[in-house]
Each structure stands twice: as C-alpha cells, then as structure tokens.
Amino acid sequence: MNRSGFDDMLAAALLRASTHPFTLIYADLDEFKEVNDRHGHAAGDAVLVAMAERFRNRAGPKGTVARLGGDEFAVILGDCSEADARSLTAGLIADAQTPVAFEGQMLVVGGSAGIAFAPRHGLTARQLLLAADEALYLAKRRGRNRFETADDMVLPAEKNDGQSAA
C-alpha cells in the first residue's frame, strides 16, 4: 500500500478509535542507506520488496502494511492486544534482520520501530504519527534493532531529573 492509501486507512481507523482501539507501528530499516551505497539501487529495491512481503506476512489479516517512503513502513493493527502488538513488532524487527539474497550475496539490514496506541497517544493522524515517530527515534537512540512505545518517551520534567529551573 502507498502513502495515500495508508492515510485513508489511518483516517478511517481514527474515526473508530474511541470504540475500536488500534496500534500504529512506525518502522524503518537500519543500515539501508549503506546497502544502496555499497550494492546499488537494485539491491536496495530487492531489500524493500522482501521487507514489504515479510511485514505483510507477519501482520496477517489483522494488519495493514504500507511503505511510506524511502525505507519507512507503517503498520495499522486492529483487534490486537498491546502485548500482541509488542510481540508482532519484535517479529518485524527479526524479519528486518534476516538477510536478503540478491545476486549471490546476502544483504543485511536491521530494523527499529516505534509504537503508538490509539486513542491513548493521539486522536488525530498527526498526533499518532508523531508519537510513533518519536518512539522510533528513541529506539534508534537506545541502540537500534529494537522497538519502543510512546509510553517509553521521557517526559520533559524527567529530562532534568524532575528538577524545575529556578
């Protein structure tokens, strides 16, 4: 699915979020640029195609997978517990770490992801995407090849050890 289709699916899910909570997973591939730079764009394309297929298979009928651009993917999961969403996200990361065969070589990337739960982390597409994106970058800062949730975000007061400026 492309970005436009994803935007429509997210808008529809948000309309039902108060009665049908859902999960948004925002993921990207670690070290993807290096694959493109070292092996060429055909190799990068092969990685993207393989990841899209793996992610669709992992999400199954409960999930909608979209490539948002570059090496970024999003998954909307409905009818899924938060524990199941975390487990599925761990599986996506394992899928990303599995090498991709291309012209006699094994291409290796990784994956990091951020998770936001609707409606808790947002009632608009912008709020929810921002929450998932911030969780994704927290995962990258904490070492890549992992996921974090918007619940894991450090609140501004915590950044200063809870001390307010005088």
Side-chain angles (χ1 to χ4, degrees), residues 1-33 44-98 100 109-159:
M1 175 179 296
N2 63 20
R3 180 65 189 240
S4 177
F6 168 79
D7 289 343
D8 292 344
M9 292 291 291
L10 182 57
L14 283 163
L15 289 174
R16 300 183 309 270
S18 63
T19 56
H20 294 88
F22 68 94
T23 302
L24 174 65
I25 303 166
Y26 196 60
D28 78 4
L29 303 178
D30 299 328
E31 310 301 330
F32 177 75
K33 183 180 182 318
D45 289 347
V47 168
L48 292 172
V49 168
M51 293 307 151
E53 182 178 347
R54 291 174 186 178
F55 291 177
R56 278 192 307 271
N57 289 339
R58 174 81 53 190
K62 290 185 180 183
T64 300
V65 177
R67 180 170 163 236
L68 300 183
D71 63 345
E72 297 176 339
F73 291 85
V75 182
I76 299 171
L77 287 176
D79 192 28
C80 183
S81 72
E82 290 184 13
D84 287 345
R86 286 178 170 89
S87 178
L88 187 138
T89 305
L92 294 174
I93 292 167
D95 291 341
Q97 293 173 312
T98 302
V100 175
V109 296
S112 297
I115 303 173
F117 300 108
R120 182 166 74 238
H121 297 127
L123 295 172
T124 67
R126 181 181 170 143
Q127 291 170 335
L128 203 58
L129 284 164
L130 181 61
D133 187 53
E134 288 179 351
L136 165 64
Y137 282 93
L138 178 62
K140 288 186 169 291
R141 285 192 306 274
R142 289 184 173 172
R144 298 180 184 258
N145 288 310
R146 58 182 295 144
F147 71 88
E148 299 291 343
T149 74
D151 290 331
D152 298 320
M153 300 302 299
V154 176
L155 298 174
E158 293 174 321
K159 289 181 182 175

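Each residue takes its place number in the sequence, starting with 1.
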TODO: Any chance you could lay out the side-chain contact (heavy atoms from CB on, under 4.5 Å) test for Ile115 and Glu82, step after step, and finish with the verdict?
DONE: CA-CA 10 Å; Ile115 303 173; Glu82 290 184 13; over 6 Å; no
TODO: Could you go through the side-chain contact (heavy atoms from CB on, under 4.5 Å) check for Arg54 and Val100 one step at a time?
DONE: CA-CA 11 Å; Arg54 291 174 186 178; Val100 175; 3.7 Å; yes
Task: Criterion side-chain contact (heavy atoms from CB on, under 4.5 Å) on Asp152 and Arg142, from CA distance to verdict - done: CA-CA 11 Å; Asp152 298 320; Arg142 289 184 173 172; 4.2 Å; yes
- [ ] Tell me, with the steps shown, if Asp84 and Lys62 meet salt bridge (Lys or Arg N to Asp or Glu O under 4.0 Å).
- [x] CA-CA 11 Å; Asp84 287 345; Lys62 290 185 180 183; 5.0 Å; no
Open item on the list: Run the side-chain contact (heavy atoms from CB on, under 4.5 Å) test on Ile25 and Leu88 for me, step by step, so that the C-alpha distance in whole Å, both residues' side-chain angles and the decisive distance to 0.1 Å come before the verdict.
Closed with: CA-CA 10 Å; Ile25 303 166; Leu88 187 138; 3.9 Å; yes
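Note that CD of Glu53 is 13.0 Å distant from CG of Leu48, once rounded to the nearest 0.5 Å. Rounding to the nearest 0.5 Å gives a distance of 11.0 Å between CG of Leu123 and CG of Leu15. Separation of atoms CG (Asp30) and NZ (Lys140) is listed at 3.5 Å; rounding is to 0.5 Å. Taking CG from Leu14 and CE from Met9, the interatomic distance works out to 11.5 Å, rounded to the nearest 0.5 Å. Atom OG1 of residue Thr64 and atom CD1 of residue Ile76 lie 5.5 Å apart, to the nearest 0.5 angstrom. Atom CG of Leu10 sits about 5.5 Å away from atom CG of Leu129, to the nearest 0.5 Å.
Every pair passing ring pair (Phe, Tyr, Trp, His ring centres under 6.0 Å) that includes a residue from residues 112-135 is listed here, sequence neighbours excluded: Phe117-His121.
Nearest heavy-atom pair across Leu128 and Gly122 is CD1-N, 4.0 Å. Looking at every heavy atom in both residues, Gly44 comes nearest to Phe32 through O-CE1, 3.4 Å. Leu136 approaches Ser112 most closely through the heavy-atom pair CD1-O, 3.2 Å. Considering all non-hydrogen atoms of both residues, Phe22 and Gly78 come closest at CB-CA, 4.3 Å. In terms of heavy-atom proximity, Pro119 sits nearest to Pro21 at CD-CB, 4.1 Å. Counting all heavy atoms, side chain and backbone alike, Ala74 lies closest to Leu68 at CB-CD1, 3.7 Å.
Dense packing is recorded around CE of Met1, with more than 12 heavy atoms of other residues, nucleotides or ligands lying under 6.0 Å away.
No side-chain heavy atom of Asp71 sits under 4.5 Å from any side-chain heavy atom of Met51. The closest side-chain heavy-atom distance from Asp28 to Tyr137 is below 4.5 Å.
For Phe73, the ring pair (Phe, Tyr, Trp, His ring centres under 6.0 Å) partners at least two apart in sequence or on another chain are Phe55.
In this structure, Ser87 contributes its side chain and Ala83 its backbone to no donor-acceptor pair below 3.5 Å. Side chain of Arg67 to backbone of Gly70: a donor-acceptor contact under 3.5 angstrom is found.
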